[in-house]
Structures are given as structure tokens and as C-alpha cells.
Number of protein chains: 2
Amino acid sequence: MQAAFHVGHRGVLPSFFVTMTIKGVVIIVNMTINVAAITVDLVLLTIRQSALHVLLIRRGIEPFGGQWALPGGFVHDDEDLGAAAARELREETGVDPSAGHLEQLATYGTPGRDPRGRVVTVAYLAMVPDLPSPVAGSDAAGAEWRPVDRAAGLAFDHDRILADGLERARAKLEYTPLATAFCPPEFTVADLRDVYETVWRTTLDPRNFHRKVTSADGFIEPTGHSVTRDRGRPAQLFRRGPATLLHPPLLRP
Amino acid sequence: MQAAFHVGHRGVLPSFFVTMTIKGVVIIVNMTINVAAITVDLVLLTIRQSALHVLLIRRGIEPFGGQWALPGGFVHDDEDLGAAAARELREETGVDPSAGHLEQLATYGTPGRDPRGRVVTVAYLAMVPDLPSPVAGSDAAGAEWRPVDRAAGLAFDHDRILADGLERARAKLEYTPLATAFCPPEFTVADLRDVYETVWRTTLDPRNFHRKVTSADGFIEPTGHSVTRDRGRPAQLFRRGPATLLHPPLLRP
DNA sequence: ACAAAAGTGTTGCGGCTACACCCATGA
DNA sequence: TCATGGGTGTAGCCGCAACACTTTTGT
């Protein structure tokens with residue numbers, strides 16, 4: 001039997017093989033250059049009750065069925081990587097990505113990290129305010145916000161991805177105004193300090209912190225409003241400023 | 001005609017199609033989940049004659065045949081991403097990756113960035129000392145060290161990747177001992193200062209620089225030797241120290 | 001009145017810039 | 001001995017940690 005074959009219109013050669021059984025004849029096409037499935041995974045962080053939480057989903061299918069994992073999924077055809085991450089964020093939380101922060105974290109492609117075959121995942125780091133609405137329903141068996149120090153034992157290499165995401169988040173609070181991504185549109189200096197204290201797992205002097213963030217150029221802007229939260233003097237409300245880098249930075253103690 | 005088909009043993013579904021002509025009958029198999037070819041590209045930097053240079057290769061084949069591009073290539077089957085980058089580095093320069101520095105930069109996968117089809121590239125940033133030997137021959141039509149400010153007009157999206165690599169390198173000199181990756185095993189404080197001045201495109205006070213780098217814990221260690229380079233008092237030789245982070249950092253002016 | 005949280009003023013320390021100054025060598 | 005680059009000392013500035021103190025609310 002002779003078979004002429006042609007691979008797609010793109011000229012990219014795949015490496016896995018396709019087996020076809022036609023009228024009892026088995027045809028195996030084996031190819032040479034490697035391809036991989038591309039997924040995006042999300043390290044999606046928020047702060048609830050002064051504790052840093054990560055969104056986990058409970059896998060409904062194999063592999064790792066029943067185990068907890070970071071939310072993620074396959075990149076669609078003709079879809080940009082960042083767009084895939086933004087889509088996942090919308091699907092999993094319902095928030096518009098522009099309300100929080102979304103950035104590429106790193107890419108993981110160790111052979112064997114997915115038992116189904118070669119899967120390269122581009123991980124993204126996202127921070128969102130504490131969402132009043134519950135997590136939007138997804139095709140997973142379940143989803144929940146988990147405190148990051150109770151998130152060990154994830155599927156795939158997601159423990160590693162989560163650790164990398166946490167370290168990135170901690171480092172970026174120092175020299176970028178990223179902390180505001182955890183806050184609602186209007187927030188107090190105490191809210192912002194709670195973000196830093198929670199992510200860094202330290203305590204900060206409220207007086208010096210206040211001075212630093214209000215004097216850092218373009219970090220936060222007063223809205224003119226104020227609120228009284230519990231007891232005590234009402235606090236001014238701020239919104240995020242236009243700065244993209246912090247001058248001077250807030251260094252970890 | 002009926003055809004039962006089965007995709008590989010891995011369970012990963014590809015998205016492109018395979019057309020087979022068997023005894024005059026055309027069979028098109030179209031699949032749903034996207035796959036991509038995975039490449040690694042290298043932003044390989046060095047310093048020659050006090051100018052920052054990047055290694056470029058002249059493409060021998062289409063697409064972008066004849067144009068200059070970053071060195072790179074396909075990730076092999078069962079090869080880790082970092083291992084593929086290290087292999088490219090060895091192939092292009094002959095240096096052992098441990099002699100310099102190699103780290104993941106970012107991943108680029110915009111549809112259409114490669115006219116052959118969906119190609120996702122994981123870019124790596126590498127720094128090596130000025131190599132006495134010329135660049136090892138490769139399968140490309142040519143290779144050369146190009147000053148970074150004369151490197152515009154590269155193939156694919158490599159202008160963007162190079163810009164991202166340069167910004168990463170500049171930022172990392174501040175708070176890591178990365179600058180030593182540009183230096184030979186033994187170097188003087190003036191050599192190290194030249195690295196900073198070249199990458200940052202500034203001038204630094206030699207006296208204050210000397211004090212800072214010799215007092216930064218674990219940054220550089222004296223070897224006991226010294227050299228006289230041109231005129232003037234002989235300079236002590238140093239090797240890189242064990243530090244992985246700089247305390248305190250050297251901030252850009 | 002008192003507790004509690006917001007916000008300001010002040011002091012002292014440590015790192016940094018700027019620059020004077022000394023050291024060791026080649027020509 | 002002079003030019004040149006290597007290396008040290010020091011004064012002043014600036015940012016920051018520490019903390020006393022004032023302001024504004026709820027109870």
C-alpha cells in the first residue's frame with residue numbers, strides 16, 4: 001500500500017504519530033520535529049481576612065483527577081498567550097483583567113511534567129481585589145480560595161509554579177505600585193498596609209508607612225472622600241496613581 | 001469510507017490537519033486542541049571593547065532568509081527547556097553555560113510571529129565573558145557579535161525580545177552579582193566597573209564604586225594576585241563570591 | 001472621658017555622593 | 001619626576017527607623 005501525505009499548510013512538522021485504521025489497514029505516520037500542547041496556568045492571588053489566598057480548582061478529569069491544581073487551560077488556535085491568560089482569568093473569576101494585575105511569570109516545559117505528553121505551560125501571575133461574588137462556575141469539579149500556606153500537594157508541577165509566583169509577588173511589591181491591584185478602586189492607607197503586611201508576612205510601622213506611600217510620587221492619589229471603618233479617626237480614601245515604578249522603593253524589612 | 005483513528009499514545013490532540021491521499025481517496029483529519037512548535041531563542045550578551053554586544057546569526061533559510069536573528073532552535077523531544085537553551089549556548093559559542101549566566105527571560109507566542117505556523121519561543125538571557133575564540137561555526141549562514149545599538153531590524157519579533165533582554169540585564173545588575181558573568185575568572189574592580197558603565201551607559205565614580213563592591217558581602221573575593229594593565233598602580237585581582245543577592249544593591253544613578 | 005485608629009514632627013543613624021588625598025607603578 | 005590608574009579618608013546630605021505627639025472619631 002502506498003500513501004502520499006502532506007502535513008498541514010504551515011510547513012511545521014509535528015513529532016508525535018497518528019495511527020489510523022482504515023478497512024483493517026493500520027497506518028502510522030511518525031514525524032520528526034517536536035511540538036507541544038500549550039497551556040496557560042494562573043497563579044491568581046487575593047487577600048481575604050488579612051491572609052494571602054490562591055485560587056485552586058479541583059480537577060474533574062485525569063490526569064490528577066480529584067486533586068487540586070492551579071486554574072488553567074489550553075491556548076486556543078490563533079490566540080495570544082496573554083489573551084489566553086486574560087480569558088482564563090475572566091472565566092474563573094468573572095473579573096475584568098484590567099481591574100487587577102496580570103503578568104507573565106515563567107514557562108515550564110520539563111518532559112514528563114504532564115503524563116499525557118509534551119505540554120508546555122506558560123504561567124501567569126494575577127492579583128485581584130477580594131471578590132464579593134463567589135468564584136464563577138467552571139467546568140472543574142470545584143474551585144476555592146485557599147490560604148497559600150495550606151496549598152501544598154498540587155497536581156503537576158504547580159507547587160513549584162505557585163512558589164515562583166509568590167516570590168515574584170513579594171519582590172514586585174518593593175519597587176512597583178502592584179499592591180494596589182489587591183485593593184478595591186478606593187482604599188485607605190491601612191488597607192494598603194495590610195496588603196504589604198500580608199504578602200510579606202511582617203508588621204510595618206503605620207506612621208512611617210503612611211509617610212512613605214503618600215510621598216512616593218504617583219503611587220496613590222487622594223479621592224477627597226473618607227471612611228470610618230471601626231473606631232478611630234476617619235481615614236482618607238485613595239485610588240491608584242499613574243506611577244509604574246516606585247521612587248523610592250519600599251524595601252522589605 | 002469509514003476511518004477509525006487514534007491519536008498517539010499520549011492523549012494529546014493536535015490542532016492542525018493531516019491530508020493523506022491513499023489510492024486516490026483524500027482523507028483530511030482535523031483536530032481541535034492547538035499545538036505549537038517550541039523553540040528557544042538566546043539573547044546572548046558580552047562586552048567587547050567597552051561596548052555591549054549581542055550575538056546574531058544570519059539566517060540561511062526561509063522565513064527571513066538572509067536576515068539577522070537571535071540564535072535559537074527547536075526544542076528536542078524529551079529535552080527540558082533550560083537544557084535546550086544550554087545546548088544552543090554551547091553550540092553557538094563553545095562556552096560551558098556554567099562559565100557565564102543563563103536564565104529564562106520570557107515566552108513569546110503571538111499568532112503569526114512565525115509565518116510557518118504556530119511557534120512559541122521561550123527566550124533565554126545569557127551573559128558570557130569576551131570570548132577569545134571566534135564564534136563556533138553553526139549551520140547558519142554567518143554569526144557575529146553586534147553592538148546592541150546597531151542591532152535593529154531583526155527577524156521575527158527578535159527586536160522586542162532583545163529589548164526585553166537588555167532591560168532585564170540592566171535591572172539585574174542592580175541587585176544581583178550578575179555583572180561578574182561578563183568577566184573572566186579573575187578580574188579587577190576596574191573591569192567590573194567597566195561592565196556596569198557599559199551596560200548602564202553611565203559613568204561611575206571609581207572610588208565609591210570600589211568601596212561599594214568590596215564591601216558588599218560575598219560579591220567578590222580577592223585572589224591575592226595583582227596585575228598592572230597599562231600604567232599606574234597594580235590592581236588586585238578578584239573572583240566572583242558566593243553571594244546570590246547584593247546587600248546593599250548598587251543602584252543606577 | 002477614654003480607647004482606637006489616622007496622621008505629623010523630630011531625632012539619630014547609616015549609606016551614599018563628592019572630592020581631597022595617598023599609593024604604586026611605567027616611562 | 002611626572003602621569004596614570006588603584007585605593008582610603010572624610011564631610012555633608014538624604015532617607016529611613018523609631019517614637020513622641022496631635023487629631024478625630026465611636027462608645
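Predicted model only: the values in this text are computed from it and were never measured. The chains referred to below are lettered A, B, ... by the order of the sequence lines, with proteins before strands, and numbering in each begins at 1. Heavy-atom basis, side chains included; hydrogens, waters and symmetry copies ignored.
Remark: P of D:dC14 and NE2 of A:H247 are 18 Å apart, rounded to the nearest angstrom. Following rounding to the nearest Å, B:F187 (CZ) and D:dG5 (P) show an atom-to-atom distance of 21 Å. As rounded to whole Å, 14 Å separates atom P of D:dG5 from atom CG of B:D191. For the pair A:L204 CG and D:dC16 P, the computed distance is 13 Å after rounding to whole Å. Between the C1' atom of C:dA6 and the NE2 atom of A:H225 lies a distance of 18 Å, rounded to the nearest Å. When the P atom of D:dG15 is taken as reference, atom CD of A:E174 falls 18 Å away, rounded to whole Å. With rounding to whole Å, B:I220 atom CD1 is found 13 Å from D:dG7 atom C1'. The CG atom of A:D205 sits 14 Å away from the P atom of C:dT8 (whole-angstrom rounding).
At the phosphate of D:dG6, neither OP1 nor OP2 sits under 4.0 Å from any side-chain N or O atom of B:H210. Residue A:K212 places no side-chain N or O under 4.0 Å from the OP1 or OP2 atom of D:dG15. Taking only side-chain nitrogens and oxygens, B:R211 never comes nearer than 4.0 Å to OP1 or OP2 of C:dG15. Contact check, B:R207 against C:dC21: no side-chain N or O comes under 4.0 Å of OP1 or OP2. Checking the phosphate oxygens (OP1, OP2) of C:dG7, a side-chain nitrogen or oxygen of A:Q236 falls inside 4.0 Å.
The existence of a salt bridge linking A:E103 and A:K172 is confirmed by a sub-4.0 Å separation between a basic side-chain nitrogen and an acidic carboxylate oxygen. A salt bridge does not link A:E221 to A:R240: none of the charged nitrogens lies less than 4.0 Å from a carboxylate oxygen. Salt bridge status for A:R58 with A:E144: absent, with no side-chain N to carboxylate O gap under 4.0 Å. A salt bridge between B:R160 and B:D164 is present, with a side-chain N of the basic residue lying under 4.0 Å from a carboxylate O of the acidic one.
As judged by a 4.0 angstrom heavy-atom cut-off over every strand, A:P248 is placed among residues touching the sugar-phosphate backbone only. Using a 4.0 Å heavy-atom criterion, one finds that A:R229 contacts no nucleic acid atom at all. Residue-level contact check: B:R233 touches the bases, meaning some heavy atom is under 4.0 Å from a base atom.
Set against D:dT25, D:dA17, C:dA6, the side chain of A:R193 has C:dA6 as its closest nucleotide. Here the side chain of B:N208 is nearest to one of C:dT17, D:dG26, C:dT25, namely C:dT17.
Toward the 5' end of DNA chain C, the nearer of the two residues B:P249 and B:R231, judged by each one's closest nucleotide, is B:P249. In terms of position on DNA chain C, the residue among B:L251 and A:V189 whose nearest nucleotide sits closer to the 5' end is A:V189.
Relative to the six-membered ring of B:W68, B:R146 meets both conditions, a distance below 6.0 Å and an angle of at most 45° to the axis.
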